[in-house]
Structure formats: C-alpha cells, structure tokens
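Below is one structure, written out as structure tokens; comments come after it.
Chain A is the first sequence line, chain B the second, and so forth, proteins listed ahead of strands; every chain is numbered from 1.
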Amino acid sequence: MIDLKLIQKNPDVLARALAARHSTVDVAEFQALDATRRKLLAEVEALKGQRNTASAEVARLKRAGESADHMLAELGALSDRIKALDAETEQAKAKVEAWLLTVPNIPHESVPEGADEYGNVEVHRYGTPPVFDFPIKEHWELGTALGGLDFERGGKLAGSRFTVYWRWAARLERALVSFFLDVHTCEHDYVEIAPPLMVNRKTMTGTGQLPKFEEDLFRMEAWDYFLIPTAEVPLTNLHAGEVLDESALPLGYCAQTPCFRSEAGSYGKDTRGVIRQHQFTKVEMVRFAHPDDSYNQLELLRRNAETLLERLELPYRTIVLCTGDMGFGAAKTYDLEVWLPGQNTYREISSCSNCGDFQARRADIRFRPKGGKPAFVHTLNGSGLAVGRTLVAILENGQRKDGSVVLPKALRPYMGGLEAITPEMARTPTGPAGRLGR
RNA sequence: GGAGAGGUAGCGAAGCGGCCGUAACGCGCUCGACUCGAAAUCGAGUUAUCGGUUAAUAGCCGGUACGUGGGUUCGAAUCCCACCCUCUCCGCCA
C-alpha cells in the first residue's frame with residue numbers, strides 16, 4: 001500500500017510511477033474520493049466535539065445533583081445526526097482504502113524503465129552452458145525415461161499440471177530441500193519456519209495477493225481459507241500487527257513449502273514437464289530490514305540465492321526487472337535465471353524483491369527507532385530456490401550420452417553418496433533402497 | 001464437539017456507566033544522579049492513529065481506539081447480542 005500522505009502531497013510522483021509500470025490506475029479518481037472523505041470527516045468530527053462538550057456538562061450537572069433533562073432531547077437529535085454522518089464517512093473511507101489496495105508499489109529509482117520483459121537488464125552471469133556431442137533431451141523425456149517423473153498418473157490423480165515423483169526424483173526433491181535449508185540456516189542467518197499452508201483473507205491481503213489477484217489462488221469453498229502461492233505470504237505476515245525491536249533487524253526467515261497456483265491465464269504455456277505446475281515445492285527466504293538498510297539486504301538476499309546455483313554448478317544469469325515487468329508489491333526485483341539446455345535458454349528459478357514499506361503498511365509491521373515513533377519496516381523476499389525447476393536444471397545440464405544424469409557434487413551427500421541417476425534405476429522394482437545407499 | 005476463564009500500551013496487569021486512553025501498579029525502554037566503570041538504588045520521561053493548522057513525521061486544536069462487528073444510552077473498557085482468537089478441563093482424532 002502506498003503512503004496516503006505521499007499521494008496527497010505528491011500525486012505526480014505516483015502518477016509517474018504508475019505510467020512507468022504501464023498501469024491504468026487513475027490518480028485523479030483517488031483525489032476526488034479522498035476529498036470527499038476528508039470533508040465528511042471534518043463535519044462529523046465537529047459534531048462529535050459538540051456532543052463531547054455537552055455530555056461533559058450533563059455529567060457535571062448530575063454530579064451536582066441538578067437536572068439535565070432540558071438538554072437530553074437536543075442531544076438525542078445530535079446523536080442521530082452523528083450516526084447517519086458516521087455511516088456516510090465510513091463508506092467514503094472504505095472507497096479510499098479499496099482504491100489504495102489496488103495500486104502497485106512505486107519502483108525504486110535504480111530500476112530501469114521498460115514496457116515488458118524485453119526491458120530487463122542483465123547484471124550478472126555465472127558459468128558456461130555445457131556443450132553436448134549427442135542429441136540432448138528435455139527434462140520431461142529424461143525424467144520419464146529414468147522412471148522419476150510420472151505425468152500420466154499426476155493427471156489421473158488430480159489433473160493437468162500435476163506430477164507424481166517416483167524413486168530418485170522424490171528423493172532428489174527432498175535432497176534439494178535439505179541442502180537449501182542447511183545452507184540458509186547454517187551459513188546464512190535465516191531461522192527455519194514451518195508455517196501454515198492455508199491462510200485467511202487478511203493474511204493474503206497483507207502481502208498483496210488480495211484483493212486484486214484472487215483468481216490466481218486456490219480457495220477453500222467452505223472456509224474462506226486460501227492455499228499459499230508462496231511461503232512469502234505466511235513468513236512475511238508472521239509479524240503482522242507487531243512492533244519489532246529495532247535491534248532485531250535485519251531478521252531472516254526461511255521455509256520449504258508446497259506452493260499452489262491456479263495458473264489462470266497461462267493456458268498453453270509450459271504445458272509439458274514440471275516448469276509450470278499447480279503445486280510445486282519452493283524454499284523461500286524472507287527478510288525484515290531497517291528502511292536505511294533494505295537495499296543492502298536485497299543484495300545479500302540475491303547472493304544467498306545465487307550461492308546455491310553456484311554450489312550446484314549450474315550456469316545462470318541475474319537480471320534486474322524493468323518497471324513494466326515487476327510484480328505488484330515490489331520496488332525492485334532481481335530474477336535469477338538458470339540455463340536449461342533442453343530449451344536452449346535461461347529460465348527463472350528465483351525472484352528476489354525488496355517491497356520497501358508496501359507490505360509492511362498493509363500488514364502493519366513496524367519497528368521502534370531509538371527514541372522515536374514506530375515506523376514501518378521494509379520487507380524482502382526471494383526464492384532460495386524453486387525446487388522443481390532446480391531438479392529440471394540438474395537433469396538437463398547433467399545429462400550424458402548413455403541416458404544417465406550426473407549429480408552435482410554438493411548434492412551427493414544428500415543422496416546417499418549417489419553420483420549419477422542411471423537407466424537401471426527406472427527398473428528397480430522395490431525403489432531406491434539398494435541403489436541409493438542407506 | 002461440551003464446560004469454564006480470558007483478550008486493555010513494547011510486556012504483565014488494575015479498572016466493570018461520566019472524575020479511566022498523556023489508563024493505577026509492576027517490568028521494559030530513554031535521559032539524568034550516584035560510581036573508576038558496572039550492578040543495585042534514586043529522580044524524570046515514555047500509547048497509537050486520523051483530521052485541521054504547518055516547511056515539519058515539531059508544536060497546537062479536535063476526533064477515534066480497551067479482540068472484531070453491531071445494539072442500548074445524552075454518554076460504554078464497563079450493560080446486551082453475534083463472531084474471532086487464546087488458555088484450562090472433558091470428548092474425539094493423525
């Protein structure tokens with residue numbers, strides 16, 4: 001949510017930001033709504049002031065043992081007028097708030113201007129795409145041939161965009177989760193959390209998924225609970241309505257959770273494989289930062305994610321999103337894109353954003369500066385990493401002529417020492433016990 | 001699901017129709033005194049938010065807020081109704 005005072009005083013700052021985002025939100029509409037609200041508020045507050053003065057007089061008379069009956073009829077009429085005007089003011093206020101909730105965040109000054117993804121700017125590149133001397137396969141071919149990814153049964157059990165992971169694939173997913181969380185909790189400064197996977201409407205509003213993007217979410221029909229689309233939602237809202245100690249900042253949380261997305265509007269995109277699923281596992285990092293420090297924290301967060309790809313020996317590049325391609329709540333976003341040989345391109349595997357005080361304002365997350373009034377913290381979030389897409393990258397980058405896939409060294413301890421996934425594993429009737437060690 | 005208790009400032013907690021929201025009392029925090037320094041002790045200060053005014057997130061004036069939403073009343077933290085959450089006991093359950 002944008003600061004109300006900022007819009008009142010500098011409406012053109014917001015108008016410029018919205019134009020840069022190619023947003024259609026109309027600032028003039030806000031100014032009209034807010035003028036109405038303030039006019040009504042001033043009126044009703046004046047009446048309430050009158051009532052308070054008169055009520056104090058009634059109290060004084062009664063205490064003195066005198067009659068106040070002559071005032072009561074008039075005060076009754078005043079109270080009725082206040083009640084009516086109060087309702088009107090409440091409506092005006094609700095309209096202003098509804099408008100504010102649909103306005104995206106203002107981009108940071110360092111964000112490049114651009115209309116769409118073609119305006120994004122590469123800022124970092126790591127590794128070299130591998131060269132193969134045989135016809136390479138896409139991850140769904142590899143995953144199916146090696147008996148790990150089962151799209152048919154995913155479709156049978158649930159529908160399209162669901163996949164069953166078997167044997168080595170199920171374990172590889174678990175290994176990645178453990179590896180990521182171990183790095184974040186032991187080498188970085190994150191506290192591991194296991195949050196609820198369903199949250200209420202207020203929580204979804206706090207991070208900005210609601211009210212605007214309800215069609216992207218899965219909702220329980222009977223309960224008004226929503227399945228989380230990312231752990232960013234519960235992790236950021238952990239401190240909703242709280243005033244944090246300044247000394248607690250910066251504060252980092254991480255969690256591995258399934259993420260649920262309706263993928264409405266993405267028909268025909270990434271229909272094969274596990275790139276775009278209704279349910280996928282992701283390790284998420286969330287940081288709460290002092291406003292003066294949040295852009296340093298964004299660089300740190302980005303490095304926390306990049307490190308994982310480097311340890312897995314996966315080539316990637318980092319881009320900064322332009323104004324037209326950024327998400328709703330972000331002030332600045334880095335995307336990490338991993339090299340996928342099968343697609344001959346870089347694909348998003350992590351998104352690291354500084355939301356400034358946008359979410360903190362919605363969710364009411366503050367800290368108390370030394371000797372000062374409570375102020376909003378800045379919130380940041382980033383994937384570290386999307387687990388399904390990491391599995392894709394490992395399969396495609398590690399493939400060999402004989403149909404096997406070599407595993408990154410960093411991951412082998414988490415796979416019982418296994419060095420490669422081989423075609424025989426697809427035929428192991430009782431699963432991985434013998435071949436994957438322990 | 002049944003019975004009971006409770007939700008008040010950063011935390012604990014008192015108040016149970018007007019003198020209580022600059023909210024008793026305690027803790028914490030800030031500043032000061034004492035001290036070589038610290039602890040202890042003593043003194044002072046410390047709710048948030050909205051509107052108006054303003055260069056000001058400084059003052060000043062006013063409104064609002066005691067879980068949330070309604071109701072009764074001239075006036076509600078206090079009385080009534082509904083809902084949410086927490087705790088204790090019982091039941092059920094992975």
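With the nearest nucleotide of RNA chain B identified for both Ala59(A) and Pro374(A), Ala59(A) has the one nearer the 5' end. Both Leu41(A) and Ala46(A) lie near RNA chain B, and the one whose nearest nucleotide falls closer to the 5' end is Leu41(A).
Across the strands present, A5(B) finds its partner in U86(B); the criterion is a Watson-Crick or G-U wobble pair with both atom distances under 3.5 angstrom. C19(B) makes up no base pair with any nucleotide shown, lacking Watson-Crick or G-U wobble contacts both under 3.5 Å. Across the strands present, A76(B) finds no partner; the criterion is a Watson-Crick or G-U wobble pair with both atom distances under 3.5 angstrom. Pairing of U30(B), defined by two Watson-Crick or G-U wobble distances under 3.5 Å, is identified with A44(B). For C36(B), there is no paired base (Watson-Crick or G-U wobble, both distances below 3.5 Å). Summarising the base pairing, U54(B) is matched to no nucleotide, lacking a Watson-Crick or G-U wobble pair whose two defining distances lie under 3.5 Å.
Between Asp245(A) and Arg368(A), none of the side-chain N atoms (NZ, or NE/NH1/NH2) sits under 4.0 Å from a carboxylate O, so this pair counts as no salt bridge. Taking a cutoff of 4.0 Å between a charged side-chain nitrogen and a carboxylate oxygen, Arg287(A) and Asp189(A) qualify as a salt bridge. Between Glu263(A) and Arg161(A), no side-chain nitrogen of the basic residue sits less than 4.0 Å from a carboxylate oxygen of the acidic one, so the salt-bridge criterion is not met. A salt bridge does not link Asp34(A) with Lys39(A): none of the charged nitrogens is closer than 4.0 Å to a carboxylate oxygen. Using a 4.0 Å cut-off between charged side-chain N and carboxylate O, Lys62(A) and Glu57(A) make no salt bridge. Comment: Asp80(A) does not engage Lys83(A) in a salt bridge, judged by the lack of any side-chain N to carboxylate O separation of less than 4.0 angstrom.
In this structure, the separation between CZ on Phe226(A) and CE on Met204(A) is 7.0 Å, given to the nearest 0.5 Å.
Nearest to the side chain of Asn52(A), among G51(B), G10(B), U64(B), sits U64(B). Proximity note for Lys373(A) (side chain, C-beta onward) versus A48(B), C50(B), C74(B): the nearest is A48(B). Of the listed nucleotides (U64(B), C74(B), G51(B)), C74(B) has the atom at the smallest distance from the side chain of Leu72(A). The side chain of Ser55(A) has G18(B) as its nearest neighbour among G18(B), C50(B), G10(B).
If you take CD of Glu242(A) and C1' of A48(B), they are 16 Å apart, rounded to a whole angstrom. In this structure, the CZ atom of Phe367(A) is 14 Å from the P atom of A48(B), given to the nearest Å. One atom, CG of Asp245(A), and another, C1' of C29(B), lie 9 Å apart when rounded to the nearest Å. Put simply, CZ on Arg366(A) is 10 Å from C1' on U47(B), counting in whole angstrom units. Taking atom CD of Gln50(A) as the reference point, atom C1' of G75(B) lies 15 Å away to the nearest angstrom. As rounded to whole Å, 13 Å separates atom P of U73(B) from atom NZ of Lys62(A). Between Asp364(A) atom CG and A48(B) atom C1' there is a gap of 10 Å when expressed in whole angstrom units. If you measure from atom CE of Met71(A) to atom P of U73(B), you get 18 Å, rounded to the nearest angstrom.
The C1' atoms of C31(B) and C50(B) are separated by 30 Å, rounded to the nearest whole Å. G45(B) and C27(B) have their P atoms separated by 16 Å, given to the nearest Å. With P as the reference atom, A9(B) and A14(B) are 13 Å apart, rounded to whole Å. Comparing the same atom, C1', in G26(B) and in U46(B) gives a spacing of 15 Å after rounding to whole Å. G51(B) sits 41 Å from A33(B) when the P atoms are compared, rounded to a whole Å. Taking atom P on both C19(B) and G6(B), the two are 24 Å apart, rounded to the nearest angstrom. The same atom, P, is picked in G4(B) and in C83(B); the two are 15 Å apart, to the nearest Å. G7(B) and G67(B) have their C1' atoms separated by 6 Å, with the value rounded to a whole Å.
Residue-level contact check: Lys5(A) touches the backbone only, with heavy atoms under 4.0 Å from sugar-phosphate atoms and none from bases. Leu244(A) comes within 4.0 angstrom of nothing in the nucleic acid, heavy atoms only.
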What nitrogen or oxygen pairs link the protein and nucleotides 52-55 of chain B at under 3.5 Å?
residue	atom	partner	partner atom	Å
G52(B)	OP1	Arg38(A)	NH1	3.2

Under 3.5 Å, N/O pairs linking protein and nucleotides 76-85 of chain B:
none

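Other residues, nucleotides and ligands contribute at most 12 non-hydrogen atoms within 6.0 Å of the CD atom of Glu152(A). For CD of Glu109(A), the number of neighbouring non-hydrogen atoms (other residues, nucleotides, ligands) closer than 6.0 Å is 12 at most.
Heavy atoms only, all atoms of each residue included: Ala169(A) and Gly148(A) are closest at CB-O, 3.5 Å. The two atoms that bring Val111(A) and Pro107(A) nearest to each other are CB-CB, 4.3 Å, heavy atoms only.
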ask   = Checking salt bridge (charged side-chain N to carboxylate O under 4.0 Å, His left out) for the pair Asp3(A)/Arg361(A): CA distance, chi angles, key distance, verdict?
value = CA-CA 8 Å; Asp3(A) 184 6; Arg361(A) 202 176 284 284; 3.5 Å; yes
task = Carefully, step by step, assess Ser351(A) and Asp335(A) under the rule side-chain hydrogen bond (donor to acceptor under 3.5 Å, both in side chains).
result = CA-CA 4 Å; Ser351(A) 191; Asp335(A) 271 7; 2.8 Å; yes
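Applying the 4.0 Å criterion to OP1 and OP2 of U47(B), one finds that Arg368(A) has every side-chain N and O outside that range.
The cationic group of Arg272(A) does not satisfy the cation-pi geometry with Phe151(A), failing either the under 6.0 Å distance to the six-membered ring centre or the 45° limit from the ring axis.
Less than 4.0 Å separates RNA chain B from at least one heavy atom of each of the following residues of residues 74-90 of chain A: Leu75(A), Gly76(A), Ser79(A), Lys83(A).
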